[in-house]
Amino acid sequence: GRKWTEIGNLWEEIKGEVVLIRGRAQTVRGVGKNIAFVVVRERGFTVQCVLTVEADKVSRQMVKFATSLSKESIVDVEGVISVPNTPIKGASQPVEVQVRKLYCVSKALPNLPINIEDAARSEVEIEKALQAGEQLVRVNQDTRLNYRVLDIRTPANQGIFRVQCQVENVFRQFLLSEGFVGIHTPKLMSGASEGGAAVFKLDYKGQPACLAQSPQLHKQMSICGDFARVFEVGPVFRAEDSYTHRHLCEFTGLDVEMEIKEHYFEVIDIVDRLFVKMFDTLNETCKKELEAIQRQYPFEPLKYLRQTLRLTFEEGVKMLQEAGIEIDPYGDLNTEAERKLGQLVLDKYGTEFYILHRYPLAVRPFYTMPCYDNEAYSNSFDVFIRGEEIISGAQRVHEPDFLAVRAEACGIDVKTISTYVDAFRYGAPPHGGFGVGLERVVMLFCGLNNIRKTSLYPRDPLRLTP
Ligand code: ATP
Ligand code: AMO
């Protein structure tokens, strides 16, 4: 086959070389009958291709053909790299391609519902353009999501989903290096694992069933089966009934479960080292992607410490109370209090990533282990980025009769989870774990304002397509 060059690799060093590239016609402009400019884009990188009528090489017909290309059509271009005297507007690469051959591989419709250039602009750029009297359509979120295939062509979106891939990759690599084994648990379940309200019910060949709200029960059962340390990356289903910026009906769960030798801090230690490694790796390996995201959605890099700050729930409540906020010391923090505490922690400790542990037992799921020294509290924790929750975790109850009592107390019908409770009757080690929302990690690391931006094809209470 012929040698293809990626548009992102077209630099001054290869001046004079003949290259072959494939990309989308982002903009097309004819100047008279003898010249045409086609800006070609490949995964966020753009280069200007120039067609000039010259004997034997480019005909007038070809210039006409190029000028008539519809935006977003896919083209193959062969040409010579040249370096223009003045910088090129509207292209990421500093060189031009002097076109010899141009083929249209696939035509796009002439009128697209989203103009990629408009969809790629930041709020500031949009405001400027509007003030300058430019004709511009602000692309709203519903339009973006309705035509997601077009929307995800923007450089920021290309960046977001590469960052997401790296988050998942670091999660796996780190845990594998710590002796964890990856597992897959069923998504069709006989009962709810996280409380009955937010569960999708379905008919399983005549039996009532539901979609898994988490791998909670089976990841614990795998510990009873002697895997000692497990992780899972998989879909999680929640029938959320409210429409918020951070809840989806289907998201990707990064789950961990492990034996505990002495203390639930062993689980927190894993969270700590995993996420410091994660943030370091993202900052090192995703520079281009993060820049592309920042250009459209400006954000400050995440502030985090070498060793993650740990506060008890009581300490958090005290900080909020001292700031004049009324808090029930045995209740849960609402979204507003979580945000406020995030700000107080940032001001006092200089970090936007921290762990809050020893939550009141009453606000945690039935499988959570109470504190040995005070049963009003539990061996549990939440983890926050920029004042919003990304992780919940805890040590679990491993005594079956007490587990059944806790489940009933939390309104769960033990019959629907009897195989889970019974798993602890064959000998079960002390254990704990945590669940991370992948889309939330990406959203908050990148300071984005809506979880739909970090879900490729989001499912929310109002959206089941595309
Ligand atoms: P988790 O399910 O792990 O707790 P979460 O982020 O979904 O994760 P919730 O328990 O649902 O958190 O809620 C945490 C807090 O956020 C609650 O105390 C509640 O005040 C607030 N909250 C939850 N859902 C909403 C919502 N739809 N609108 C406003 N606030 C909400
Ligand atoms: P929890 O219900 O807190 O805990 O979920 C764990 C993490 O998943 C994310 N998350 C969500 N992300 C998007 N949309 C949603 N509707 C949504 N709900 C939750 C959050 C949250 O921190 N079994 C426990 C975990 C454990 O203890 O191991 C659980 O499911 O980032």
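For ligands, and for the atoms within them, numbers begin at 1 and follow the listed sequence.
- For Asn140 and Thr143, the side-chain atoms include at least one donor-acceptor pair closer than 3.5 Å.
- With Phe237 as the aromatic partner, Lys187 does not meet the cation-pi criteria of under 6.0 angstrom to the ring centre and within 45 degrees of the ring axis.
- Partners of Gln395 by side chain to side chain contact (heavy atoms under 4.5 Å, CB included), not counting sequence neighbours, listed by chain and number: Ile260, Tyr264, Met369, Tyr372, Asn379, Pro430.
- The atoms of ligand 2 that sit less than 4.0 Å from any heavy atom of Lys219 are 26 (C), 28 (O).
- For atom 16 (N) of ligand 2, the nearest non-hydrogen atom from the set Arg459, Glu250, Glu388, Glu240 comes from Glu240.
- Checked against a 3.5 angstrom limit, the closest N/O atoms of Leu248 and ligand 2 fall inside it.
- The aromatic rings of Phe445 and Phe279 lie parallel to each other, their planes meeting at an angle below 30°, with 60° marking the opposite boundary.
- Within the 4.0 Å heavy-atom criterion, neither part of Gln395 lies near ligand 2.
- If you look at Tyr367 next to ligand 2, the close heavy atoms, those under 4.0 Å, all belong to the side chain.
- Polar contact check, Arg238 against ligand 2: a nitrogen or oxygen pair lies under 3.5 Å apart.
- Using a non-hydrogen distance threshold of 4.0 Å, Arg246 registers as a contact of ligand 2.
- Counting heavy atoms closer than 4.0 Å to ligand 2, residue Arg440 contributes side-chain atoms (C-beta onward) but none from N, CA, C or O.
- For ligand 2, the polar-atom distance check against Ile451 finds no nitrogen or oxygen pair separated by under 3.5 Å.
- Listed for the Thr46 side chain is a donor-acceptor partner under 3.5 Å among the backbone atoms of Ser92.
- The closest approach between a heavy atom of Gly393 and any atom of ligand 2 is below 4.0 Å.
- The aromatic rings of His431 and Phe424 lie parallel to each other, their planes meeting at an angle below 30°, with 60° marking the opposite boundary.
- Arg406 forms no cation-pi arrangement with Phe366, by the criterion of a distance under 6.0 Å to the ring centre and an angle within 45° of the ring axis.
- In the candidate list Phe434, Phe251, Phe237, Phe251 is nearest to atom 17 (C) of ligand 2, counting heavy atoms.
- Here's the thing with Ile391: one of its N/O atoms is less than 3.5 angstrom from an N/O atom of ligand 2.
- Taking any N or O of Gly437, backbone or side chain, at least one lies under 3.5 Å from an N or O belonging to ligand 2.
- Note: an N/O pair closer than 3.5 Å links Glu194 and ligand 2 by distance alone.
- Donor-acceptor pairing under 3.5 Å is recorded for the side chains of Thr335 and Arg246.
- Within ligand 2, counting atoms from 1 as listed, the ones closer than 4.0 Å to a heavy atom of Ser392 are 3 (O), 4 (O), 22 (O), 25 (C), 26 (C), 27 (O), 28 (O).
- Residues Asp280 and Tyr304 have side chains that bring a donor and an acceptor to within less than 3.5 angstrom of each other.
- An N or O contact shorter than 3.5 Å is missing between Glu257 and ligand 2 by distance.
- Checked against salt bridge (charged side-chain N to carboxylate O under 4.0 Å, His left out), Glu262 has no partners two or more places apart in sequence or in another chain.
- Annotation: cation-pi pair Arg153/Phe45 absent, no NZ/CZ under 6.0 Å from the ring centroid and within 45° of its normal.
- At least one heavy atom of Glu389 sits closer than 4.0 Å to an atom of ligand 2.
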